Amino acid sequence: MKGFLITLEGIDGSGKTTQANLLYEYLRSKGHKASLYRDPGSTPLAEKIRELIMSFSLDPITELLLFETARSSLVWEKILPDLQKGNVVIVDRFIDSTVAYQGYGREINLGTVNVLNHIATRGRKPDLTFILHVPLEVALSRIGKDKTKFEDKDFLRKVRDAYFLIQSSEKERQIYLIDANREKEEVFKEIVKIVESRL
Ligand SMILES: Nc1ncnc2c1ncn2[C@@H]1O[C@H](COP(=O)(O)OP(=O)(O)O)[C@@H](O)[C@H]1O
Ligand SMILES: Cc1cn([C@H]2C[C@H](O)[C@@H](COP(=O)(O)OP(=O)(O)O)O2)c(=O)[nH]c1=O
């Protein structure tokens, strides 16, 4: 399989974007061809869809389909071509977010979520996934006052538990649970060690 796909997952405020940026800069400094994307987003269409998702109150299925449409655009326009070129592709959120937020969080049938994830990604699974774990109170204090519709404590508790279930059930994948309630540099050291052992 060409290229290497790394995804960062975890509840809002767990530090994914911070670690994704650090990893991208690190890999480039080591001479790797690397790409950094966010899901939903990173194509003109997916960025528009991101705005729609965040600004409308949506029923769960419409929300699910919008996330999957954005992902399809990102996978087709960016991720698959970059992997084909042999890049290390880092994505801030991916399929596990949909299982956690729409599957467990919004209680949509998991089979439906998995089928749509498979269609949107053309079956390309991540080669390595980090789930960043922080206590809910820490995540909420990092987010601050400007909370989105996904950043309610009870909802995030369900999402947090879902990530634990994903990590313990998807045995055929490389999924690492990372204690992200530490200094950014400490968290990053652990991530880099794992990435280097896999590349
Ligand atoms: N290890 C950390 N310790 C303390 N604050 C952090 C840490 N990692 C990230 N932050 C801060 O928490 C906030 C959310 O981080 P971010 O990386 O955007 O998380 P996410 O992408 O998971 O929502 C930001 O203000 C960021 O600077
Ligand atoms: C990718 C994805 C994100 N989301 C949610 C999680 C986030 O609250 C929101 C926007 O993502 P994002 O801004 O990347 O999250 P964060 O606040 O952690 O930086 O979309 C889903 O509900 N399902 C999905 O499939």
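Both ligands and their constituent atoms are indexed starting at 1 by order of listing. These numbers come from a predicted model, not from an experiment.
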Do any N/O atoms on Arg50 end up under 3.5 angstrom from N/O atoms on ligand 2?
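Yes, since at least one N or O of Arg50 sits under 3.5 Å from an N or O of ligand 2.
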Heavy atom of the protein closest to [atom] (residue, atom name, distance):
{"atom": "atom 17 (O) of ligand 2", "answer": "Asp12 OD2, 3.0 Å"}
{"atom": "atom 23 (N) of ligand 2", "answer": "Gln102 OE1, 2.7 Å"}
{"atom": "atom 9 (C) of ligand 2", "answer": "Phe150 CD1, 3.8 Å"}
{"atom": "atom 15 (O) of ligand 2", "answer": "Arg93 NE, 3.1 Å"}
{"atom": "atom 5 (C) of ligand 2", "answer": "Phe67 CZ, 3.7 Å"}

Distance filter under 4.0 Å to [X] heavy atoms, resulting ligand 2 atoms:
{"X": "Lys16", "answer": "18 (O)"}
{"X": "Asp39", "answer": "1 (C)"}
{"X": "Glu151", "answer": "17 (O)"}

Indicate whether the side chain of Tyr101 and that of Asp12 have a donor and an acceptor atom separated by less than 3.5 Å.
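Looking only at side-chain atoms, Asp12 and Tyr101 do form a donor-acceptor pair, the distance falling under 3.5 Å.
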Would Arg71 count as a contact of ligand 2 if the rule is a heavy atom under 4.0 Å away?
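It does; at least one heavy atom falls under 4.0 Å.
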For Arg122 against Ala120, the heavy-atom pair lying closest together
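In this case the closest contact between Arg122 and Ala120 is NH1-O, 2.9 Å.
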Honestly, is Arg106 close enough over Phe155, meaning NZ or CZ under 6.0 Å from the six-membered ring centre and within 45° of the axis?
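Yes, Arg106 lies over the aromatic ring of Phe155.
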Please state which option from Glu151, Arg142, Glu186, Glu9 has its nearest heavy atom closest to atom 6 (C) of ligand 1.
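Answer by nearest heavy atom: Arg142.
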Considering only heavy atoms, does Arg182 approach ligand 1 within less than 4.0 Å through its side chain, its backbone, both, or neither?
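The answer is the backbone of Arg182.
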